[in-house]
K.L.:
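First the structure, which I've put down as structure tokens, then a few questions once you've had a look.
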Amino acid sequence: MTRTLYLFGSAAPPVFEIAHVVGDAEERGWDVRLGLTPTAARWLGDQLPALEEQTGGPVRSEYKLPGQPDVWPKADAILVAPATFNTINSWALGITSSFVVGVVAEGIGKGIPLVTMPCVNAAYVQHPAFHRSLETLRSAGVRVLYGPGGFEPNQPGEKKPYPWAAALDAVKAVAG
């Protein structure tokens, strides 16, 4: 039995590591489908053909047209990482103007196991909406990896490793 993981990335620096993460998820037994926010898709533009070959399906960043068939299998779990300030807040508010946010907003209602790991700097987390958004997502059943054991904010411009293994471990924990 194949299990399908939707891996959704936003435009934050760790998205440049997404091919490696796809490989790690596949080694853990997942059939991965990759979705990106429009800006993340633009950042990875020259890598999209290789990512499609790696995942065996189209990399999606836009909604399909009405009447078009869905070419992805149903998700057994969804990981949203890196999740930017914009993605987290849009998701919590139900603003589904992007494909990625639309799918995960609907995923709450469908009962799909959902994990997200933000990637925001210490300046963004001072905004009061951010912590409210994290609590909204947690109260909706989303596993949010923020703080010890997950993502801890860095200073603006500071680079430190993104804890991808923790994200994939959390997907396993929520999806069984």
Side-chain angles (χ1 to χ4, degrees), residues 3-22 24-26 30-52 54-66 68-120 124 129-130 132-134 136-138 140-146 150-151 162-164 166-168 170-171 174-175:
R3 297 182 323 152
T4 299
L5 172 66
Y6 289 3
L7 174 58
F8 288 164
S10 304
V15 80
F16 289 109
E17 302 165 355
I18 208 80
H20 176 71
V21 179
V22 168
D24 287 351
E26 290 172 339
W30 291 100
D31 175 29
V32 180
R33 293 295 176 258
L34 181 60
L36 301 168
T37 62
T39 302
R42 194 175 81 230
W43 285 11
L44 297 176
D46 61 340
Q47 298 175 41
L48 295 180
L51 289 165
E52 288 183 346
Q54 182 181 11
T55 61
V59 175
R60 295 188 57 192
S61 61
E62 296 181 3
Y63 287 107
K64 65 181 182 66
L65 296 174
Q68 284 184 325
D70 196 345
V71 297
W72 282 4
K74 289 184 180 181
D76 294 296
I78 302 175
L79 170 59
V80 184
T84 60
F85 180 80
N86 185 55
T87 296
I88 292 289
N89 290 322
S90 295
W91 185 7
L93 291 171
I95 300 171
T96 61
S97 56
S98 78
F99 166 73
V100 163
V101 175
V103 172
V104 294
E106 189 176 40
I108 290 171
K110 289 181 171 181
I112 298 169
L114 296 158
V115 174
T116 189
M117 189 161 58
C119 184
V120 295
Y124 277 123
F130 181 71
R132 283 194 303 266
S133 293
L134 294 181
T136 297
L137 294 175
R138 284 182 177 123
V142 177
R143 174 86 182 269
V144 178
L145 302 174
Y146 178 77
F151 179 79
Y162 191 69
W164 284 110
L168 292 173
V171 169
V174 302

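Keep in mind that this is a model prediction, so the values were computed, not measured. Along the sequence shown, residues carry numbers from 1.
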K.L.:
Tell me the closest heavy-atom pair linking V15 and W43, and the distance in Å.
P.N.:
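Heavy-atom minimum between the residues: CG1-CE3, 3.8 Å.
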K.L.:
Please name the pair of heavy atoms, one in E52 and one in V59, separated by the smallest distance, quoted to 0.1 Å.
P.N.:
OE2-N, 3.1 Å
K.L.:
Of all the heavy-atom pairs spanning Q68 and K64, show the shortest one and how long it is.
P.N.:
O-NZ, 2.9 Å
K.L.:
For residues 96-116, which side-chain donor-acceptor pairs fall under 3.5 Å, sequence neighbours excluded?
P.N.:
{"unit_1": "S98", "atom_1": "OG", "unit_2": "V101", "atom_2": "N", "d": "3.4"}
{"unit_1": "T116", "atom_1": "OG1", "unit_2": "V80", "atom_2": "O", "d": "3.0"}

K.L.:
Sorted by first residue and then second, give each salt bridge (Lys or Arg N to Asp or Glu O under 4.0 Å) pair with at least one member in residues 79-96; sequence neighbours left out.
P.N.:
none
K.L.:
List in chain and number order the residues that pass side-chain contact (heavy atoms from CB on, under 4.5 Å) with S10, two or more places apart in sequence or in another chain; answer none if no residue qualifies.
P.N.:
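side-chain contact (heavy atoms from CB on, under 4.5 Å) check on S10 returns T37, T84, T87.
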K.L.:
Locate the shortest heavy-atom distance separating Q54 from A19; write the atom from each residue and the value.
P.N.:
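For Q54 versus A19, the nearest heavy atoms are NE2-O, 2.9 Å.
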K.L.:
Considering residues at least two apart in sequence or located in another chain, which fulfil the side chain to side chain donor-acceptor pair (under 3.5 Å) criterion with W72?
P.N.:
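Partners of W72 by the side chain to side chain donor-acceptor pair (under 3.5 Å) criterion come out as none, since no residue qualifies.
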K.L.:
Could you report the tightest heavy-atom contact between Y162 and P82, atom names first, then the distance?
P.N.:
OH-CA, 3.2 Å
K.L.:
Taking the six-membered ring for Trp, are Y6 and F8 parallel (under 30°), tilted (30 to 60°) or perpendicular (over 60°)?
P.N.:
tilted
K.L.:
Rounded to the nearest 0.5 Å, what's the gap from CD1 on I88 to CE on M117? Could you check?
P.N.:
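Reported to 0.5 Å precision, the distance equals 10.5 Å.
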K.L.:
Run the numbers on S133 and W91 for side chain to side chain contact (heavy atoms under 4.5 Å, CB included), then give the verdict.
P.N.:
CA-CA 8 Å; S133 293; W91 185 7; over 6 Å; no
K.L.:
Once the angle between the rings of F85 and F130 is folded into 0 to 90°, is it parallel (under 30°), tilted (30 to 60°) or perpendicular (over 60°)?
P.N.:
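F85 and F130: parallel rings.
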K.L.:
A41: which residues meet the side-chain contact (heavy atoms from CB on, under 4.5 Å) condition with it, sequence neighbours left out?
P.N.:
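If we apply the side-chain contact (heavy atoms from CB on, under 4.5 Å) test to A41, skipping adjacent residues, the hits are L36, S61.
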K.L.:
Ignoring hydrogens, what is the shortest heavy-atom contact between T4 and P73? Give both atom names and the distance.
P.N.:
OG1-CG, 3.6 Å
K.L.:
With L34 as reference, evaluate V21, I18, L48, L44 under the side chain to side chain contact (heavy atoms under 4.5 Å, CB included) test and give the passing residue.
P.N.:
I18
K.L.:
Starting at CG of N89, measure out to OH of Y124 and round the result to the nearest 0.5 Å.
P.N.:
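Rounded to the nearest 0.5 Å, the CG-OH separation comes to 10.5 Å.
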K.L.:
Please list all pairs meeting salt bridge (Lys or Arg N to Asp or Glu O under 4.0 Å) that have one or both residues in residues 33-44, counting only residues at least two apart or in different chains.
P.N.:
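Residue pairs passing salt bridge (Lys or Arg N to Asp or Glu O under 4.0 Å), neighbours aside: D31-R33.
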